[in-house]
Amino acid sequence: MMNNEGLGAYQQSQNHAQAASASPHRLIQMLLEGLLDNLSRARGFMERGQVADKGMMITKCLDILNGLSSVLDEQKGGEVTQELFRLYDYCGRRLFEANLQNDMAAIDEVSRLIRDILDGWVVLKPDRIQVANED
């Protein structure tokens, strides 16, 4: 049986392999899924009073939100892109508050919002999506 460190390294290598061969649509989906996973972990750390781990996980969530914002193309995406920018910004502010105030409800709110985005993303047709740097 693998120890946690070995399992983590294996999972990370699997994620890198998937990302290397993924379409832009699938990469966004993977980021959203990873964000949800990290939000769940942050909540668990918060419940157990593991302050340092909670802070580290929320920082990872903020990094993913920044990554998602960075691939939005305002010129091609129009109003939808502007709304996603606002939503990602809002989620980031809520996570910052959640970290400072140990507010599980804020993490739950962000999780619901990201789940809604992911649910919509999954049903989009990849050939109709334009991501920045995809010309």
Side-chain angles (χ1 to χ4, degrees):
M1 187 173 249
M2 280 191 222
N3 64 24
N4 283 340
E5 192 174 302
L7 180 59
Y10 173 76
Q11 288 173 332
Q12 188 173 15
S13 70
Q14 290 297 97
N15 289 342
H16 287 292
Q18 285 182 359
S21 63
S23 68
H25 182 265
R26 178 68 182 127
L27 286 172
I28 299 299
Q29 183 178 342
M30 289 172 67
L31 284 170
L32 292 168
E33 290 167 347
L35 178 54
L36 287 171
D37 184 51
N38 287 339
L39 286 165
S40 177
R41 289 177 185 192
R43 191 180 199 289
F45 289 136
M46 189 179 288
E47 287 173 336
R48 292 186 297 279
Q50 294 174 275
V51 177
D53 291 329
K54 171 203 68 170
M56 192 168 45
M57 198 55 56
I58 288 179
T59 298
K60 285 184 178 188
C61 292
L62 293 169
D63 288 344
I64 293 172
L65 284 169
N66 286 334
L68 288 165
S69 290
S70 73
V71 297
L72 294 173
D73 188 333
E74 284 186 85
Q75 295 195 349
K76 293 179 182 175
E79 189 175 324
V80 171
T81 299
Q82 291 171 5
E83 290 302 316
L84 282 171
F85 270 126
R86 285 189 204 102
L87 189 58
Y88 293 150
D89 180 63
Y90 174 77
C91 288
R93 285 185 279 121
R94 291 295 286 150
L95 288 178
F96 184 75
E97 293 167 5
N99 193 30
L100 289 176
Q101 301 168 2
N102 282 320
D103 185 353
M104 283 187 255
I107 290 179
D108 294 342
E109 178 187 7
V110 172
S111 293
R112 283 190 302 275
L113 291 168
I114 298 303
R115 168 63 55 200
D116 288 347
I117 293 170
L118 177 60
D119 290 347
W121 187 257
V122 169
V123 299
L124 285 175
K125 300 218 184 288
D127 59 339
R128 296 178 60 196
I129 299 166
Q130 301 246 324
V131 180
N133 301 325
E134 187 187 72
D135 287 320

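Keep in mind it's a predicted model, so treat the numbers as computed, not measured.
Remark: Leu113 CG to Leu87 CG distance equals 5.5 Å, nearest 0.5 Å. Here Asp103 contributes atom CG and Met46 contributes atom CE; the two are 7.0 Å apart, rounded to the nearest 0.5 Å. Atom CZ of Phe96 and atom SG of Cys91 lie 15.5 Å apart (nearest 0.5 Å). Separating the CG atom in Asn99 from the NZ atom in Lys54 is a distance of 4.0 Å, to the nearest 0.5 Å. Rounding to the nearest 0.5 Å places CG of Leu39 at 4.5 Å from CG of Leu35. Distance CG/Leu72 to CZ/Phe85: 4.5 Å, rounded to 0.5 Å.
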message: With side-chain contact (heavy atoms from CB on, under 4.5 Å) as the criterion, how do Ile58 and Ile107 come out once you've worked through the C-alpha distance, each side chain's angles and the decisive distance to 0.1 Å?
response: CA-CA 9 Å; Ile58 288 179; Ile107 290 179; 4.3 Å; yes
field: Full working for side-chain contact (heavy atoms from CB on, under 4.5 Å) between Glu109 and Tyr90
entry: CA-CA 11 Å; Glu109 178 187 7; Tyr90 174 77; 2.5 Å; yes
field: side-chain contact (heavy atoms from CB on, under 4.5 Å) evaluation trace for Tyr88 with Leu84
entry: CA-CA 6 Å; Tyr88 293 150; Leu84 282 171; 4.0 Å; yes
- request: Kindly indicate, with the supporting measurements, whether the criterion side-chain contact (heavy atoms from CB on, under 4.5 Å) is fulfilled by Arg43 and Asp108.
  value: CA-CA 8 Å; Arg43 191 180 199 289; Asp108 294 342; 2.6 Å; yes
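Taking a cutoff of 4.0 Å between a charged side-chain nitrogen and a carboxylate oxygen, Glu97 and Arg94 qualify as a salt bridge.
Residues Ser70 and Gly67 approach most closely at OG-O, 2.8 Å, considering heavy atoms. Residues Lys60 and Asn38 come closest through the heavy atom pair CB-ND2, 4.0 Å. For the pair Gln29 and Trp121, the tightest heavy-atom approach, listed with the atom from each and the gap, is N-NE1, 3.6 Å. Residue Cys61 comes nearest to Leu95 through the heavy atom pair CB-CD1, 3.7 Å, listed as atom of the first residue, atom of the second, then distance.
Partners of Arg115 under the salt bridge (Lys or Arg N to Asp or Glu O under 4.0 Å) rule, at least two apart in sequence or in another chain, are Asp119. In this view, Asp116 satisfies the salt bridge (Lys or Arg N to Asp or Glu O under 4.0 Å) rule with no residue, not counting sequence neighbours.
Under the 4.5 Å side-chain contact rule for hydrophobic residues, Val110 and Leu68 share a cluster. Follow the hydrophobic side-chain contacts under 4.5 Å out from Met104 and you never reach Met56; the two are in separate clusters.
Side-chain N or O atoms of Ser69 include none that pairs as donor or acceptor with a backbone N or O of Asn66 at under 3.5 Å.
Counting heavy atoms from C-beta on, the side chains of Ile114 and Leu32 come closer than 4.5 Å. Looking only at side-chain heavy atoms (C-beta outward), Val71 and Leu31 stay at 4.5 Å or farther from each other.
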